Amino acid sequence: MKDWLPRLVARAPFTVHTKLIGAFFAIVALLIIFGVVVIQVLGGINRRSEDLGSLRRKVAAFRQLQHDTTAQLYSVSTALLSPEERMLENALRQLNQFRYDLDRLQFVTRNEAELFNKIREEHEQLIQLITTVLELTREQAFTRAKELRLTKMAPLADSLERLTNEMVNRAEADMEAKIDESNQAYMTSRWVVIGFAIGSIGLAILLGYAVSTSLMGPVMLMDNQLRQIASGDFSKRVDVPNRDELGTLADNLNRMNDELRGLYQQIETASRHKSDFLASMSHELRTPLNAIIGYSEMLAEEAEERGQKSFIPDLQKIRASGKHLLALINDILDLSKIEAGKIELSPETFNITGLIEEVASMVQPLIEKNSNVLTINHPDDLGSMYADITKVRQILFNLLSNACKFTELGTITLDAAREKTEGFERLSLSVRDTGIGMTDEQIARMFQPFSQADIQTARKYGGTGLGLAITKKFCEIMGGEIRVASEFGRGTIFTVKLPLSASNSKADTTSLTRTGDPSKSA
Amino acid sequence: MRNNKSDGWSRREFIGGLALTGTAAILGLQPEPGMAAVEPPPETTRLRIRKGDPACWAPIYVAEPLLREEGFTDIQYVSGLTADEAKLSREGAIDLSPSFSAVAMFNLEQQQPPLKIISGLHVGCYALVGSERIHSVRDLKGKTVWAGAFKNGGPHIFFSTIVAYVGLDPRTDIQYSWVNKDEAMRLFREGKIDAFISFPPWPHELIEQGIGHLLIDTNIDKPWSQYFCCTVSGQSYFIKKNPIATKRALRAILKANDIVARNPELATRIVIEKKVRNESEYKSVLRALKDIPYSKWRAYNPEDTVRFYALRMRDIGMIESNPQQFINQHTDWRFMNELKKEFGITW
Amino acid sequence: MPRILLVEDNELNRDMLSRRLQRKGYEVMIAVDGEAGVKIAASERPDLILMDMSLPVLDGWEATRRLKGEPNTASIPIIALTAHVMGGDRDKALAAGCDDYDSKPIDFERLLGKMQALLKKQEKP
């Protein structure tokens, strides 16, 4: 629904940096505008407050004028009533003071000269009249004074009062208008503030959403893609609309994806070629090798028959070398098959005890060779297991033959048992020997093919040096584990645990995860 | 409402030869030679003026012959209470309407009828009569008052402004009696009503009868005596379409103020003749018309009256507009401005 | 003297096995491909057939099937000699009708044992 906005931001051909800065600046601009508006409104309110102040002063001045006009009239009346010189003097002096009010009025109405002039003019008239009346009173022309007061002065004072009333009313009306304006301004500014606040928040959220989605969206997509690549899936591409650095990144990611796919396919093809090659080569290698082994055996037999016993040792050496070479070829083929992921498990149900006995008999010559003793411990009801018998046989044979090789005049113990851990059953096979043992260093390199120590050991003790690597791989493929514990000079114990019921699936050894510390688990 | 079509003053009534021109001569008001030639005739010859109970509206009745002089031939006085003023103006049944300024303003704000205040009519008329117990306006708190026969009429509005001005709530602090005038006067006499406020002639009747005393006499007491009491409003469409007629009508009515001032007996006669008041009230009407300072009308600025009442009514929350807004919306001083010069008005 | 038919295409293997068998007192007949093997088996009716599985012209499985299909040769025991001892190949061989199988490289003693076991069975009808 709101997808188009992030897309729009993404498509904008600006760098991510620019986009972010732009978004922040937009918000800052909003805040600045907001600030300006608020300041303007507050300025208006302030102006009006000042205006109210000046209006207040005007009103006060007018009222003062009215009050003093009244006082003036009162003085005149008093003077007429008791026309003493003192009274007359007071009244006359009061007129001067009266001018002070007019001066004050001039000050507060300094922006309305025309208005003020009108008021001053009329008040001057009054002052003149009052002066005249007072003079007449002084001269004792009471009748004339009273007549003047009645006919001219009183009406004029009345009219002046109305004039100043009007001024006061106007000033008050102005104040009311300004108060209303202020209220209006407050209402408006309140809405403006709320509007801007909502607008700013909305815009900030929108911008935040748009920018972050336009940036984070691609990042998440690319993260996802990387994860897929890491797990070997090169099939998908990342599609982002961004025309900024993220877009470039996505393009590079896609390119890397394609390259990796290409490489992967190359590797696969190469591996396949290698396996095919090895498979055919092994057959080619085996055939002449079989001839070497076979003929040397045959010659030994013939020599035996003809009584030419002196040939026999040499012929046996030839045979032994051939067999060794054959073993090497088999191991190499196995290992390469494992590496190529071409190991197939062919599980079948077989009797465990039977297999143990078979391997024991196979290994008997090796035991006797080093004057060792083989002890086998297993419960009577070892039962059967469903697994690839050839591989189990190979594992067991490898462990036992190793034990024989590295032990002299010692004891080799095979313990077999069924055990149940975490809900599923396993077969536990452990081969313990009292042989030369291994150093920690040797243990660390135990399961790697052709490690330095292994080669020397192989030369000294025989064997191909590949056996344990293959054994470990076979354990892994079958879903089991192999552990080793050893003390240099005292002996070694290998423990293998295999599921009693294998899952019938093609084993996948193409995992790119590295093996951990082999002394802990396989 | 009865339409009081008039044929002009009945000559029979005015044996003294108070014909139009004669009156004018007495008053010193000469129709200026050539004046009729300069100013065009009114757009319409028909003029309908609202007629009401107040005797103080005498000038509008006295102005009839002057109106004829101005060129109106069909002069109608349309009876209507202040409460019906809005309806009448909306219907276009009246062209000019006098009313007490504050109530005119209150109605203008409340009902927004098509009327505009175009001039003042006269200064001072309302009187608040209080019983012996009452000595000040504040004493009226919790007392019973007759302020007209119906709510929001002139007396009621005016009374509200008076009491609100000194801090009483006209709605809750006063008990009103809404009976008719005669009943109210009787109750007042019996002491069951504590105060009686009205336009003339009734307060003056009570005073004539020696009942109660004047708490407030707007002829004299300030600030009311500084402002117009009643004003003239014009129907909006009428004054817009007939500016010349409006100006002429206004001239006649304002001149009539002077006639009433000089000849209150004549004015009283006309008021009774027009059946605004009946014969029995002759004395009180005459006293009222004498007391009201009709001659002072030139010295008063109607705009300031509106402003004054607007401020006071806004203070007590009776209207919401500020004075300037109200003046802008509901007044039209063009006609007064044009008449100022010929009347020698200086404000 | 039991008569053995050896069907093997590889010359060295053929030479080795036939000579060793002869020394052990067996009479050895040779066929170099599957078709020849079927023909000779039918005509010579050996006591036992050693059949290499990967043969030209006709492979070992097909040859075995034919031989087992013919009433003439059906009773002759066949030991399959196969280079691959994966479960699949073994089952395949048994399915084709082989009586036993052995893996290459040939363990001569082991093979002899299997041959003797099958020949003994033949003697007891």
Side-chain angles (χ1 to χ4, degrees), chain A residues 48 51-52 55-56 58-60 62-63 65-67 69-71 73-74 112 114-126 150-187, chain B residues 101-102 105 109 117 120 122-124 161 165 218-229 261 293 295-331 333 336 340 343-347:
Chain A
R48 273 186 286 280
D51 288 346
L52 281 173
L55 283 169
R56 180 190 56 78
K58 260 202 253 182
V59 169
F62 280 126
R63 288 291 184 219
L65 191 59
Q66 281 181 334
H67 167 83
T69 309
T70 313
L73 297 172
Y74 175 70
E112 296 155 275
E114 197 192 303
L115 168 72
F116 172 73
N117 285 335
K118 187 164 177 197
I119 295 171
R120 163 154 269 182
E121 219 179 275
E122 306 241 342
H123 278 85
E124 284 297 333
Q125 270 185 34
L126 183 67
L150 198 62
T151 57
K152 290 263 165 24
M153 200 177 84
L156 183 60
D158 221 27
S159 155
L160 279 174
E161 187 180 340
R162 274 195 298 281
L163 179 62
T164 46
N165 270 349
E166 185 177 328
M167 296 302 120
V168 168
N169 286 341
R170 279 182 188 274
E172 278 194 89
D174 271 350
M175 285 164 96
E176 293 295 317
K178 291 237 165 1
I179 289 170
D180 275 359
E181 260 179 61
S182 276
N183 279 341
Q184 195 56 44
Y186 164 68
M187 297 297 290
Chain B
S101 50
M105 290 165 66
E109 172 106 341
I117 300 176
H122 65 81
V123 177
T161 62
Y165 209 53
T218 60
N219 292 325
I220 305 167
D221 297 333
K222 295 182 183 175
W224 305 280
S225 61
Q226 298 287 57
Y227 302 102
F228 277 111
C229 166
S295 60
K296 277 190 176 178
W297 69 269
R298 279 180 183 75
Y300 288 69
N301 182 350
E303 186 182 70
D304 208 43
T305 301
V306 173
R307 193 177 293 117
F308 170 75
Y309 277 109
L311 282 166
R312 303 288 82 80
M313 289 209 282
R314 188 169 138 113
D315 279 345
I316 58 179
M318 285 177 82
I319 67 171
E320 265 188 29
S321 330
N322 68 53
Q324 199 51 47
Q325 274 175 336
F326 190 92
I327 288 167
N328 291 342
Q329 233 184 322
H330 298 295
T331 68
W333 308 120
M336 271 315 294
K340 262 161 79 167
F343 280 119
I345 292 170
T346 52
W347 49 256

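The chains referred to below are lettered A, B, ... by the order of the sequence lines, with proteins before strands, and numbering in each begins at 1. These numbers were taken from a predicted model, which means no experiment stands behind them. Just so you know, these numbers use all the heavy atoms, side chains as well, and skip hydrogens, waters and symmetry mates.
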Next item on the list: May I have the step-by-step check of side chain to side chain donor-acceptor pair (under 3.5 Å) for B:Asn322 and A:Glu181, ending in yes or no?
Entry: CA-CA 10 Å; B:Asn322 68 53; A:Glu181 260 179 61; over 6 Å; no

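Put simply, the side chain of B:Ser225 never gets that close to the backbone of B:Thr218: no donor and acceptor are under 3.5 Å apart. For B:Arg298 (side chain) and B:Phe343 (main-chain N/O), a donor-acceptor pair under 3.5 Å exists by modelled atom type.
For the 3.5 Å distance criterion, the side chains of A:Ser182 and A:Arg48 qualify, holding a donor opposite an acceptor.
Of the listed residues (B:Tyr227, B:Phe308, B:Tyr300), the greatest number of heavy-atom pairs within a distance under 4.5 Å of chain A belongs to B:Tyr300. Of all the listed residues (A:Arg170, A:Met175, A:Lys118), the one sharing the greatest number of non-hydrogen pairs under 4.5 Å with chain B is A:Arg170.
The parts of B:Gln226 that come within reach of chain A are both its backbone and its side chain, each placing non-hydrogen atoms under 4.5 angstrom from that chain.
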